[in-house]
**Student:** 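Before anything else, here's the structure in question.
Proteins come first, then strands; the chains are lettered A, B, ... in the order of their sequence lines, and each starts at number 1. Keep in mind it's a predicted model, so treat the numbers as computed, not measured.
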Amino acid sequence: AQSVTQLDSQVPVFEEAPVELRCNYSSSVSVYLFWYVQYPNQGLQLLLKYLSGSTLVESINGFEAEFNKSQTSFHLRKPSVHISDTAEYFCAASNNAGNMLTFGGGTRLMVKP
Amino acid sequence: DAGVIQSPRHEVTEMGQEVTLRCKPISGHNSLFWYRQTMMRGLELLIYFNNNVPIDDSGMPEDRFSAKMPNASFSTLKIQPSEPRDSAVYFCASSTWTSGRQYEQYFGPGTRLTVT
């Protein structure tokens, strides 16, 4: 069965500092990877996805993630965070076995002024 | 596009009462998912449907929970009888599914359920 591990439950960081949110997955077959963001009292929104092709994927608000097959990782990075990036971030994986996603436990990013 | 619509947004009920949560997926999507989110257990998949057919309900906690999808544009999640430990935020998500392709899921705003 697919499993997704987010190693950090909380990541505090100062505004304009770089950040990395870690995600590792377990899979022996093709895998599709996603990052979702959840702002307070809202649903999850897709941030970026890796389905195939280039291993580096980017979002419109400056986040990027790199698919690393050898390390089974899909870490999320941003070179300079804003207060508005404060949210919970979920990594998810699928092997297309019926369209199910397996979510990690989430990482709460807290950006401080 | 209206996105995934859930109702009600908030529900407060007493233990033992029946609760029905509703979801309207994005038009054209043929997969629908029900999740539950709590502080203790995080985000859990309860059940999902492809083309209105339940595919995996192994996440449904117990027989008190049931879900239906009578047509492509409507689904319900029912809890009867409700218990305080059912208090959580329940999310509905929809997606497109075709064999061999993976598409992202779009989430609704959630229903915050409080059982007293």
**Student:** Look at the side chain of Tyr106(B) and the backbone N and O of Gln45(A), then say whether any donor-acceptor pair between them is shorter than 3.5 Å.
**Tutor:**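 No: the side chain of Tyr106(B) does not pair with the backbone of Gln45(A).
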**Student:** Would you mind checking which part of Gln37(B) comes under 4.5 Å of any heavy atom in chain A, side chain (CB onward), backbone (N, CA, C, O), both or neither?
**Tutor:** side chain
**Student:** More than 12 heavy atoms of other residues, nucleotides or ligands under 6.0 Å from CG of Asn71(B): is that the case?
**Tutor:** yes
**Student:** Using the rule that two of Ile, Leu, Val, Met, Phe, Trp, Tyr join whenever any of their side-chain heavy atoms come within less than 4.5 Å, decide whether Leu77(B) and Val115(B) are in one cluster.
**Tutor:** yes
**Student:** With a 4.5 angstrom heavy-atom cut-off, which part of Leu46(A) approaches chain B: side chain, backbone, both or neither?
**Tutor:** side chain
**Student:** Any chance CD of Glu14(B) has more than 12 other-residue heavy atoms, nucleotides or ligands included, within less than 6.0 Å?
**Tutor:** no
**Student:** Identify the heavy atoms of Gln38(A) and Phe91(B) that sit nearest to each other, and give their distance.
**Tutor:** NE2-CZ, 3.3 Å
**Student:** Is the number of heavy atoms from other residues, nucleotides or ligands under 6.0 Å of Met15(B) CE greater than 12?
**Tutor:**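 No, CE of Met15(B) has 12 or fewer neighbouring heavy atoms, counting only those of other groups under 6.0 Å.
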**Student:** Kindly determine whether Leu101(A) and Tyr48(B) satisfy side chain to side chain contact (heavy atoms under 4.5 Å, CB included), including the steps that lead there.
**Tutor:** CA-CA 11 Å; Leu101(A) 288 179; Tyr48(B) 79 98; over 6 Å; no
**Student:** Are Ile26(B) and Ile5(B) linked, directly or through intermediate hydrophobic residues, by side-chain heavy-atom contacts shorter than 4.5 Å (ILVMFWY only)?
**Tutor:**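 No, it is not one cluster - the side chains of Ile5(B) and Ile26(B) are not joined through contacts under 4.5 Å.
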**Student:** How far apart are the closest heavy atoms of Phe107(B) and Leu44(A), and which atoms are they?
**Tutor:** CB-O, 3.3 Å
**Student:** Tell me whether Arg108(A) at atom CZ has more than 12 heavy atoms from other residues, nucleotides or ligands lying less than 6.0 Å away.
**Tutor:**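 Count not over threshold, so no.
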**Student:** For Arg112(B), which atoms come within 4.5 Å of any heavy atom of chain A: side chain, backbone, both, or neither?
**Tutor:** side chain
**Student:** What verdict does the side chain to side chain contact (heavy atoms under 4.5 Å, CB included) test give for Gln105(B) and Tyr36(A), after you've listed the backbone C-alpha separation in whole Å, the side-chain angles of each residue and the deciding distance to 0.1 Å?
**Tutor:** CA-CA 10 Å; Gln105(B) 294 179 17; Tyr36(A) 283 83; 3.6 Å; yes
